[in-house]
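Encoded as structure tokens, the structure appears first; notes follow it.
Remember, it's a predicted structure, so these values are computed and weren't measured experimentally.
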Amino acid sequence: MDRPTLLVQGSSWTVGAYQKSSANNVDELVSGGIAELLSERYQVTNISVKDDFNLGSSLRLREHLRTASYDRILVCQNDPLKDLGLLKATDLAWRSQFAFTIDQLVAQEVNTISKLIEFLLELFYSEIADAGATHVFAGPTQVNTALAQQHGLVVVDPSWTECLVPGAVTSVTESYLDTAAELLLDLFPANSRIIKQEFIAYSDAMFGMFETWRQHPNLFAYHHPTALGNQIFYQRCLQNF
């Protein structure tokens, strides 16, 4: 019997598995990634691209599905704050493809870091939900389960880190926190106190997650899951996917 078809979409966490390289703080790609493991049960097409961001990933997903269809789609969520890189893009024609502008943040009073993260995830979830039988799971950061389910998405697992290390500190972001705080302080100076308080809280969670990775070198390289970390998460996927 033919295996069902599966499309995997994401960034570096779904490109493959990793090990620490000889260069400090640099991960080296190795075999044994989640897409490779899923190919035991599915005909897998993996269109993940290293360093991609959520809204870029969803755009490539829509473009790919214009000429192909799959029984299931599995999308790996990246850090939502990486989408802020769009605001600095100099290619205006390229940037216009994305439904995200500073004017929207002002008009909708997205005046805290938590609101900004939810705003960006709302955009991302709404776009990938249009793809069809879509499932979403965590890359480096947490999935907002309630928000994803509102868009009809099936959450395979909200935290890859906590799946591998139960009870571990995890985070909704791993980067661009400085950029987010600077942007919001500029747009909403009257809200500076809560923005700064949130910045501290998110920073603590983010560095706590980094420490979890550091303490479990068999499961994580510097910034990505190892082959063993992928294997354990694959077993969770089989339970929930």
Side-chain angles (χ1 to χ4, degrees), residues 10-11 13 51-59 61-62 75-130 134 136-153 155 158-162 169-212 223:
S11 55
W13 279 49
D51 295 329
D52 206 358
F53 56 103
N54 285 339
L55 295 182
S57 176
S58 62
L59 176 62
L61 175 64
R62 294 197 306 274
V75 179
C76 180
Q77 176 184 306
N78 205 337
D79 180 350
L81 290 184
K82 285 188 175 181
D83 292 342
L84 294 176
L86 281 171
L87 299 178
K88 297 182 179 181
T90 56
D91 187 338
L92 299 182
W94 175 79
R95 195 172 77 181
S96 67
Q97 300 176 92
F98 303 95
F100 174 37
T101 65
I102 289 179
D103 290 343
Q104 287 175 301
L105 302 182
V106 175
Q108 298 183 37
E109 294 190 7
V110 182
N111 57 10
T112 66
I113 297 173
S114 57
K115 286 182 180 179
L116 178 60
I117 290 171
E118 184 169 343
F119 172 86
L120 292 169
L121 285 177
E122 177 88 35
L123 285 179
F124 175 56
Y125 293 157
S126 64
E127 291 185 0
I128 63 174
D130 291 338
T134 305
V136 63
F137 66 88
T141 59
Q142 292 172 298
V143 171
N144 184 325
T145 300
L147 187 59
Q149 290 175 342
Q150 287 177 22
H151 288 279
L153 300 171
V155 179
S159 173
W160 196 323
T161 297
E162 193 168 2
V169 173
T170 188
S171 173
V172 298
T173 185
E174 64 159 349
S175 62
Y176 276 82
L177 190 56
D178 290 349
T179 301
E182 290 171 4
L183 172 66
L184 295 177
L185 287 169
D186 182 54
L187 295 177
F188 305 101
N191 218 28
S192 62
R193 182 178 181 84
I194 189 169
I195 293 169
K196 292 175 182 178
Q197 289 174 335
E198 282 190 328
F199 178 83
I200 294 170
Y202 281 117
S203 294
D204 288 346
M206 183 172 66
F207 287 108
M209 182 176 68
F210 294 162
E211 181 63 14
T212 295
H223 305 289

Problem - Residue from Leu61, Val143, Leu153 passing side chain to side chain contact (heavy atoms under 4.5 Å, CB included) with Val75 - result: Leu61

Note, [X] side chain near [Y] side chain (heavy atom, < 4.5 Å):
X: Ile102; Y: Leu183; value: yes
X: Phe124; Y: Leu120; value: no
X: Ser203; Y: Leu177; value: yes
X: Val169; Y: Glu211; value: no
X: Gln77; Y: Leu121; value: yes
X: Val155; Y: Phe137; value: no
X: Phe53; Y: Tyr176; value: no
X: Asn111; Y: Leu184; value: no

Return the minimal non-hydrogen interatomic distance between [X] and [Y], and the atom names on each side.
X: Pro80; Y: Ile117; answer: CG-CG2, 3.9 Å
X: Ala99; Y: Leu123; answer: O-CD1, 3.3 Å
X: Ser58; Y: Ile128; answer: CB-CG2, 3.8 Å
X: Trp160; Y: Ala138; answer: CE3-O, 3.1 Å

For [X] and [Y], test the side chains for any donor-to-acceptor distance below 3.5 angstrom and give the result as yes or no.
X: Gln150; Y: Tyr125; value: no
X: Thr173; Y: Ser171; value: no
X: Thr161; Y: Thr212; value: no
X: Glu174; Y: His223; value: no

Test your reading of the model: is there a side-chain donor-acceptor pair from [X] to the backbone of [Y], 3.5 Å cut-off?
X: Gln97; Y: Trp94; value: yes
X: Glu198; Y: Ser114; value: yes
X: Arg95; Y: Thr90; value: no
X: Gln142; Y: Ser159; value: no
X: Glu182; Y: Thr179; value: no

Exercise for the section: Pick out which of Asn54, Asn78, Asp52 makes a side chain to side chain donor-acceptor pair (under 3.5 Å) with Ser11. Expected result: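 Of the listed options, the one satisfying the test is Asn78.
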
Exercise for the section: Can you label the angle between the Phe100 ring and the Phe119 ring as parallel, tilted or perpendicular, going by 30° and 60°? Expected result: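 Tilted, since the angle between the ring planes falls between 30° and 60°.
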
Nearest 0.5 angstrom please: [X] [atom1] to [Y] [atom2], how far?
X: Glu122; Y: Lys115; atom1: CD; atom2: NZ; result: 14.0 Å
X: Asn191; Y: Arg193; atom1: CG; atom2: CZ; result: 11.5 Å
X: Phe199; Y: Ile194; atom1: CZ; atom2: CD1; result: 15.0 Å
X: Glu127; Y: Phe98; atom1: CD; atom2: CZ; result: 8.5 Å

Problem - Worked check of side chain to side chain donor-acceptor pair (under 3.5 Å) between Thr141 and Asp79 - result: CA-CA 6 Å; Thr141 59; Asp79 180 350; 5.1 Å; no

